[in-house]
Amino acid sequence: MEDQKMENLLNLAVDATPEEREKSLDLETGYDPREKTWEVIVRYSGSLEEVFALGIRGEELLGGYGILWVPQSLLPAVSNFPQIEYMEKPKRLFFAVNQAKAASCFAGVQEGGLGLSGAGVLVGILDSGIDYFHRDFRNEDGSTRILFLWDQVLEQIYDEAQINEALNAPARGEGQVTVPSVDVSGHGTAVAGIAAGNGRDSGGLYRGAAYGSSLIVVKLGTAQAEGFPRTTQLMRALDFVLKKAVELGRPIAVNISIGNTYGSHDGTSLLETFMDEAAGFGRNVIVVGSGNEGGSAGHASGVLSEGRQAEILVSVAPYETSLSVQLWKAYADQFRVTLVAPSGEQLGPFSETLGPQRYGYRSAQGETRILVYYGKPSPYSRFQEIYLDFIPEKTYIGSGIWRILLEPVKILSGQYDLWLPSHNLLNPSTRFLGASPDTTLTIPSTAGKAITVGAYDPSYQSYAQFSGRGYTRLNQVKPDLAAPGTNITAPAAGGGYERVTGTSFAAPFVTGAAALIMEWGIVKGNDPFLYGEKVKAYLQRGARQLPGFETWPNPQLGDNVIIVSS
């Protein structure tokens, strides 16, 4: 089925065989093979009542967005409803992990004349959960600072009273009977501590930025087969914390330290446009880390000109179980795409027609099946995706150097970009040869209204090479600024502290700083409109520049870097 209301990847996933979906990195995400049901993101107008009347489960979100769980047989019927404008499938998300307080200037606003702590402002943490027993998230009397904890894995929301009941139990194990939510990875605990920990477990030494703020935490769910959260769960989490903040009548700074590489990197996916809509709901600031793909060699780009063929080299490591390549171009440009296998065998040129095309290549690793899908522009983007999915017949795809040839036919702009999946999924030597480190921001950090945060090393006052770089594909300046992201001391799940590195841990510095600014403006009455883009502007104006960069803004650090000590 080829449906113009459905994104390219969803069309391909529906057309693929069960075996192809199972072995693909991208196609199976959002599909429940037991129920033969797809989880889909929809943008709609009016009401979804007619859709729900079909027996379809769904959840309406802010701004005309929703999540539906649709039997595959009913996807055409759902698409036919005029109120359904567009549908996308979920994508997997990855946590951006690879002396920070000593390098910060928080002490001046926390303990100086301003006396800011984030009191009266909420901090939302959308992550792997939180160790709510950790003393950094408890008040002096031992009670919790967490107002709500939604565990999407357990499908349960715990409120302040329930968490306090668990904390008052004689032992941790007994308390976890009441509130059984656990931060297994510790990622969310570290992020929450940097943004809003009060440092009680260290006598105040490792106090976070907005140490007086209350928290709303969402432990993002993980699909059983994947072990990674999905974009749909992130959207539901953001919807939840923003609605709770409005219900409580308080401003909120929300931290998102998670992302993926799939998409056109121009802010036009439904996740990104949903976040832009959500940024206008209530008084909020949404902060997103730029990801850790800057040094992964997962992006290649160039400009194609008439009469000159371009060649992109992809090194595929031995024992790679699957691989996908996205090629994005202006729809107005026309060029032929051919894939050349490591043996020199030529697959293509591919036909520019809707529907999947299948090619086979036999190597020492067995047969590799290549699914090719030519997409069309969407109502929200004028760009075209050509998607290649490498699927093994047995276990591994053919290793070696694959070549992608681009032969111009009719060129207007000529710009092209290719992305591989997140480096978390690949062997280290699977990469583009001749890669470009620019435009390696992960999605949704490319959302326009988000504050996108890169990372720098405060010890050396230098850019952190892993940090995702801008600009966006449409040349929008991202990241917006940078913060410390290497060797940061943060609360550890189970108690105590640990050292962490990544843009995951740069973002919460900015989240905490945003909470302090909103406390000064909204809570203390100095500026009741100090939220959203206004906070971004204040942060950028107050940030400073690292040495060694002649041009500002720049793709590495954005406009400036925040909280650098003098």
Side-chain angles (χ1 to χ4, degrees), residues 8 261-269 293-316 323-342 344-354 357 359 370-378 380-390 400-421 430-441 443 446 468-478 550-551 553-556:
N8 305 325
T261 64
Y262 180 83
S264 59
H265 292 71
D266 58 10
T268 58
S269 74
E293 300 290 335
S296 69
H299 172 239
S301 64
V303 177
L304 201 61
S305 58
E306 297 276 4
R308 298 189 64 180
Q309 178 179 272
E311 180 181 72
I312 298 94
L313 304 181
V314 186
S315 171
V316 177
L323 180 69
S324 63
V325 179
Q326 316 160 52
L327 167 61
W328 290 87
K329 59 182 265 309
Y331 185 66
D333 288 334
Q334 295 176 271
F335 49 77
R336 284 183 282 271
V337 182
T338 302
L339 182 65
V340 181
E345 179 181 346
Q346 183 171 299
L347 311 176
F350 306 139
S351 173
E352 190 174 355
T353 57
L354 281 177
Q357 303 169 51
Y359 296 83
I370 295 94
L371 270 64
V372 180
Y373 193 92
Y374 259 86
K376 296 287 187 183
S378 79
Y380 314 109
S381 173
R382 65 184 185 275
F383 297 102
Q384 178 180 33
E385 177 193 16
I386 303 165
Y387 178 85
L388 286 69
D389 208 342
F390 296 68
I401 307 299
W402 291 77
R403 294 185 293 150
I404 300 172
L405 306 180
L406 309 180
E407 182 182 353
V409 176
K410 180 183 177 182
I411 301 299
L412 295 180
S413 76
Q415 179 187 347
Y416 62 85
D417 292 89
L418 300 94
W419 284 277
L420 297 177
T430 297
R431 53 180 54 215
F432 288 116
L433 303 181
S436 168
D438 291 338
T439 322
T440 49
L441 301 156
I443 296 167
T446 42
R469 299 189 190 186
Y471 299 138
T472 71
R473 198 167 179 278
L474 298 182
N475 216 35
Q476 179 185 7
V477 174
K478 290 282 182 176
E550 295 182 0
T551 303
N554 57 65
Q556 292 93 332

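What you are looking at is a predicted structure, and each value in this text was computed from that prediction instead of being measured.
A heavy-atom distance below 4.5 Å is not found between the side chains of His265 and Trp328. Taking the side chain as every heavy atom from C-beta outward, Leu474 and Phe383 approach each other to under 4.5 Å. Contact of the Gln357 side chain with the Ser351 side chain is registered, since non-hydrogen atoms from C-beta on lie closer than 4.5 Å. Contact of the Ser413 side chain with the Asp333 side chain is registered, since non-hydrogen atoms from C-beta on lie closer than 4.5 Å. Annotation: side chain of Val337 is in contact with side chain of Leu406 (closest heavy-atom distance under 4.5 Å). At a threshold of 4.5 Å between non-hydrogen side-chain atoms, the residues Ser324 and Tyr387 count as touching. Residues Asp417 and Gln415 have side chains in contact (heavy-atom distance under 4.5 Å, counting atoms from C-beta outward). Under the 4.5 Å side-chain criterion, counting only non-hydrogen atoms from C-beta, Trp419 is in contact with Gln326.
Residues Leu412 and Ala332 share a closest heavy-atom pair of CD1-CB, 3.5 Å.
For the residue pair His299 and Asp438, no side-chain donor N or O sits within less than 3.5 Å of a side-chain acceptor on the partner. In the model, Tyr262 has a side-chain atom that pairs as donor or acceptor with a side-chain atom of Glu385 under 3.5 Å.
Between Trp402 and Phe390, the two ring planes are perpendicular [angle over 60°; tilted spans 30° to 60°].
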Side chain to side chain contact (heavy atoms under 4.5 Å, CB included) between Ile386 and Leu388, intermediate numbers included: CA-CA 7 Å; Ile386 303 165; Leu388 286 69; 4.0 Å; yes
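Remark: side-chain polar atoms of Ser378 are paired, donor with acceptor, to backbone N or O of Ser381 under 3.5 angstrom. Side chain of Gln384 to backbone of Gly375: a donor-acceptor contact under 3.5 angstrom is found.
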